[in-house]
S.K.: 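I am attaching a structure below and will ask some questions about it afterwards.
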Amino acid sequence: MNSLSEKLKAKIRDVENFPKPGITFKDITPVLSDSKLCRDITEELLSRYKDENLDAIVGVESRGFLFGMLLAYELNIPFVPVRKSGKLPFRTLKHSYDLEYGSASMEIHVDALQNNWNVLIHDDLLATGGTAAAAGALVEQLGAKVQSFSFLIDLTFLNGKDVLKNYTTKINSLVQY
Ligand SMILES: O=P(O)(O)OC[C@H]1O[C@H](OP(=O)(O)OP(=O)(O)O)[C@H](O)[C@@H]1O
Ligand SMILES: Nc1ncnc2[nH]cnc12
């Protein structure tokens, strides 16, 4: 039987030159179409984090919402979205950052986290780390603590983990390239 990492790698599709020339996009939509694999991923995340006394899962728009929400549901704790600027309707904090292919700003609702909460930040993919670091900055600005980062995919050649070490050393991914 293949390991979860091997099963995931078998489903993740490389799309060349998307969204810009020179970028090899890791497309997880074939993973999402495999319901058994989605269950296996959720169970793996649950076994990793069930004893970590997390208070909330922060999921990063948009692909971080998918397994972030499933994990929050399984742990029976709040799910908090970090979204691209202009999407969240209530009062927000904002943080700007650079992407592998552009730049962006992320926001969080000002009342989304309580002081001193231990938070896990989840996204589908770690590239340069700018997006996850922006989420980390927003979590800390609300007085909460980034206990862990969790990704499905780490593009290790972009060294995103180095950027995140300012927040926590607990940085996990299910597959690495
Ligand atoms: O580590 P970084 O270099 O910051 O890049 C990683 C981010 O880029 C992708 O999101 P994207 O901005 O493409 O948005 P989407 O999930 O809404 O498609 C990915 O889902 C991460 O959020
Ligand atoms: N190569 C990539 N594939 C998918 N999402 C990404 N986000 C940043 N870089 C990416």
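Both ligands and their constituent atoms are indexed starting at 1 by order of listing.
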S.K.: Do NZ/NE/NH1/NH2 and the carboxylate oxygens of Asp14 and Lys26 come within less than 4.0 Å?
M.R.: yes

S.K.: Indicate yes or no for a side-chain donor-acceptor contact from Gln147 to the backbone of Glu52 under 3.5 Å, with no hydrogens or angles considered.
M.R.: yes

S.K.: Which ligand 1 atoms does Leu125 reach within 4.0 Å, using its non-hydrogen atoms?
M.R.: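 Near Leu125, the atoms of ligand 1 are 6 (C), 21 (C).
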
S.K.: Are any of the N or O atoms of Ala127 closer than 3.5 Å to those of ligand 1?
M.R.: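 Yes: some nitrogen or oxygen of Ala127 is under 3.5 Å from one in ligand 1.
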
S.K.: Please identify which of these residues, Val175, Asp124, Ile171, meets the side chain to side chain contact (heavy atoms under 4.5 Å, CB included) condition with Phe151.
M.R.: Ile171

S.K.: Tell me whether Lys9 forms a cation-pi arrangement with Tyr177, defined as NZ or CZ under 6.0 Å from the six-membered ring centre and within 45 degrees of its axis.
M.R.: yes

S.K.: Return yes when atom NZ of Lys84 has more than 12 non-hydrogen atoms of other residues, nucleotides or ligands closer than 6.0 Å, and no otherwise.
M.R.: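 Atom NZ in Lys84 is packed in, count exceeds 12.
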
S.K.: In this structure, does ligand 2 have an atom that sits under 4.0 Å from one of the heavy atoms of Leu155?
M.R.: yes

S.K.: May I ask you to check if ligand 1 and Gly129 share an N or O to N or O distance below 3.5 Å?
M.R.: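 Min N/O separation from ligand 1 is below 3.5 Å for Gly129.
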
S.K.: What part of Thr24, side chain from CB on, backbone N/CA/C/O, both or neither, has a heavy atom under 4.0 Å from ligand 2?
M.R.: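 Under 4.0 Å from ligand 2, Thr24 contributes backbone atoms alone.
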
S.K.: So, does Glu6 use its side chain to make a donor-acceptor pair with the main chain of Ser3 at under 3.5 Å?
M.R.: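 Answer holds: yes.
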
S.K.: Which of the atoms in ligand 2, numbered in the order shown and given with their element, are less than 4.0 Å from a heavy-atom of Ala127?
M.R.: 8 (C), 9 (N)

S.K.: Would you say ligand 1 has an N or O under 3.5 Å from any N or O of Ser62?
M.R.: yes

S.K.: Check whether any side-chain N or O of His109 sits under 3.5 Å from a backbone N or O of Phe90 as a donor-acceptor pair, and report yes or no.
M.R.: yes

S.K.: As an exercise, identify every atom of ligand 2 less than 4.0 angstrom from a heavy atom of Leu125.
M.R.: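 Once the distances to Leu125 are compared, the set is 3 (N), 4 (C), 5 (N), 6 (C), 7 (N), 8 (C), 9 (N), 10 (C).
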
S.K.: Just to be sure I read this right, does ligand 1 sit under 4.0 Å from the backbone of Thr128, its side chain, both, or neither, counting only heavy atoms?
M.R.: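 Both backbone and side chain.
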
S.K.: So if I count the atoms of ligand 2 from 1 in the order they appear, which ones are less than 4.0 Å from some heavy atom of Arg63?
M.R.: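 Numbered from 1, ligand 2 contributes 4 (C), 5 (N).
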
S.K.: Using a strict threshold of under 4.0 Å (side-chain N to carboxylate O), is an ion pair present between Arg83 and Glu61?
M.R.: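 Answer for the salt bridge query: yes.
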
S.K.: Please could you name the atoms of ligand 1 that Glu61 approaches to less than 4.0 Å, counting only its heavy atoms?
M.R.: 16 (O), 17 (O)

S.K.: For the side chain of Ser33 and the backbone of Thr29, is there at least one donor-acceptor N/O pair under 3.5 Å apart?
M.R.: yes

S.K.: Which of the numbered atoms in ligand 1 are under 4.0 angstrom from any heavy atom belonging to Asp124?
M.R.: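 That gives atoms 19 (C), 20 (O) of ligand 1.
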
S.K.: Which is closest to atom 21 (C) of ligand 1 in terms of heavy atoms, Asp123, Val60, Leu66?
M.R.: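 Result: the heavy atom closest to atom 21 (C) of ligand 1 is in Asp123.
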
S.K.: Which of these, Ile23, Val82, Thr131, has its nearest heavy atom closest to atom 4 (O) of ligand 1?
M.R.: Thr131

